2 protein chains.
Amino acid sequence: MRSDKFAGMARTQGSHAGITGPKVREAALSLFARHGYAAVSMRQIAGEVGVQAGALYNYTPDKQTLLFELLKGHMTDLLAAWRGQDAPGDPVAALECFTRFHIRFHSERPEEVFISYMELRNLDPDNFEKIEDLRRQYEGALEGILRRGVVQGAFDVAEPKIVAMAIIAMLTGVNTWFRESGRLSLPEVEEIYWRMVRKAVMA
Amino acid sequence: MRSDKFAGMARTQGSHAGITGPKVREAALSLFARHGYAAVSMRQIAGEVGVQAGALYNYTPDKQTLLFELLKGHMTDLLAAWRGQDAPGDPVAALECFTRFHIRFHSERPEEVFISYMELRNLDPDNFEKIEDLRRQYEGALEGILRRGVVQGAFDVAEPKIVAMAIIAMLTGVNTWFRESGRLSLPEVEEIYWRMVRKAVMA
DNA sequence: CTTTTATCTGAACATGCGTTCAGATAAGTT
DNA sequence: AACTTATCTGAACGCATGTTCAGATAAAAG
């Protein structure tokens with residue numbers, strides 16, 4: 001029952017709100033990103049939602065699960081969005097697709113990205129393992145592209161797994177400085193990074 | 001007086017220890033890296049040192065300053081170590097020097113690196129600005145190398161500042177996976193990353 | 001040996017934490 | 001209209017937090 005509500009099932013009965021669940025997750029996301037999981041109290045989250053702290057426990061069994069659901073949702077969305085790209089078969093085109101997709105997706109969700117990289121250590125071991133598994137799947141997608149490119153002779157990459165991690169680290173770094181209002185537009189940023197990625201792996 | 005002690009002046013008088021100051025910083029560093037600044041209590045740090053919580057205040061005016069001094073010390077060491085490299089004048093050789101230096105230095109200090117990237121948001125604005133300034137100086141070193149390479153026609157880089165940040169993000173990512181005991185040695189890792197960096201920026 | 005002093009203890013302070021729960025509230029159902 | 005039930009309040013729970021400080025301790029200085 002609780003999990004149904006948490007998953008976003010329409011609440012057809014109740015008293016005041018009807019959208020408290022999403023608001024709780026939005027408030028938690030924003031506060032965790034700004035101040036860090038450990039530094040944010042349930043009372044602060046409740047305050048942002050406009051509710052007393054006790055009411056939060058209608059939407060999450062505890063604080064830890066609230067964090068976990070945010071991270072899991074982000075990683076699940078990321079994987080689903082990537083799979084929805086149906087990337088080209090050609091490795092070079094696929095790599096370009098991945099590069100642009102990663103920058104675009106991550107720039108649209110700076111808060112999720114931030115906590116996904118910062119708050120992993122605040123997950124208990126079980127939850128951590130689940131998130132890590134999703135992350136490895138995403139890395140594996142890029143690694144597969146690289147391996148296919150090597151087989152076809154398009155890429156010169158001795159260690160596809162490590163190069164995949166290096167590329168992802170580089171692309172994710174965009175989020176530390178990119179601002180919508182800045183000098184460069186997102187397509188321009190994509191272009192700069194795609195040039196680097198392409199040249200770095202090309203045979 | 002207190003700042004002298006904190007800076008490491010020999011304590012020629014006192015009671016029990018004589019090395020409590022360094023031990024406090026080591027314990028704080030290790031615990032902050034493992035659990036995060038906000039999640040670590042002064043009592044935990046004191047416990048690791050083998051002292052009561054109150055005694056910590058002989059070595060830091062407060063918890064915030066303890067974090068700040070760790071970050072400042074790390075960034076200062078990093079800049080000093082880089083300046084001690086006297087990098088070659090040739091941009092390509094200098095870039096190789098920077099790449100290998102960055103990987104080596106960071107792999108030797110995983111805890112400092114971790115908190116330097118994770119705990120910036122826990123600094124109050126004044127302290128944050130000071131650390132950011134040091135970080136910009138370090139980025140500027142790489143940016144300078146890139147600019148010189150562009151002028152000499154060795155590099156093809158349209159946005160040296162952004163490419164510098166991208167390279168640093170990529171190189172720092174080594175710390176997320178590299179283990180001394182792993183399959184690859186540090187020189188092998190340096191080689192893999194240097195290949196990527198060189199190819200990515202070469203004209 | 002006595003004095004000085006840096007260092008540490010142990011208790012206390014006010015405040016905040018995550019979480020629980022009985023009871024109030026208001027919307028949906030009949 | 002009365003009934004049901006999801007939702008929220010407000011108070012309470014035990015416990016932890018950063019920081020302070022009077023007093024104990026032991027090493028160095030004379």
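Order of the sequence lines sets the chain letters (A, B, ...), proteins ahead of strands, with each chain counted from 1. Everything quoted here is computed from the prediction, not taken from an experiment.
Applying the ring pair (Phe, Tyr, Trp, His ring centres under 6.0 Å) definition to pairs two or more places apart or across chains, those involving residues 69-96 of chain B are B/W82-B/F98, B/W82-B/F101. Applying the salt bridge (charged side-chain N to carboxylate O under 4.0 Å, His left out) test to pairs two or more places apart or on separate chains, those with a residue in residues 74-98 of chain B are B/E96-B/R100. Listed by first and then second residue, the salt bridge (charged side-chain N to carboxylate O under 4.0 Å, His left out) pairs involving residues 27-51 of chain B amount to none (not counting sequence neighbours).
The nearest whole Å value for the distance from the CD1 atom in B/I45 to the C1' atom in D/dG18 is 11 Å. Put simply, CD1 on B/I19 is 10 Å from P on C/dC8, counting in whole angstrom units. Atom CG in B/N58 sits roughly 12 Å away from atom C1' in D/dT20 (whole-Å rounding). Computed from coordinates, the A/L56 CG to D/dC8 C1' distance equals 11 Å when rounded to whole Å. Rounded to whole angstrom, the span from the CZ atom of B/F32 across to the C1' atom of D/dG18 amounts to 12 Å.
Side-chain nitrogen and oxygen atoms of B/T20 include none within less than 4.0 Å of the OP1 or OP2 phosphate oxygen of C/dT7.
With sequence neighbours excluded, the residues satisfying salt bridge (charged side-chain N to carboxylate O under 4.0 Å, His left out) with A/R104 are A/E190. Residues passing the salt bridge (charged side-chain N to carboxylate O under 4.0 Å, His left out) test with B/R195, sequence neighbours excluded: A/D156.
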Strictly under 4.0 angstrom, non-hydrogen atoms only: write out the protein contact profile of nucleotides 16-23 of chain C, one letter per nucleotide from the 5' end, B, S or -. -BBBB---
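More than 12 heavy atoms of other shown residues, nucleotides or ligands fall within 6.0 angstrom of atom NZ in B/K199.
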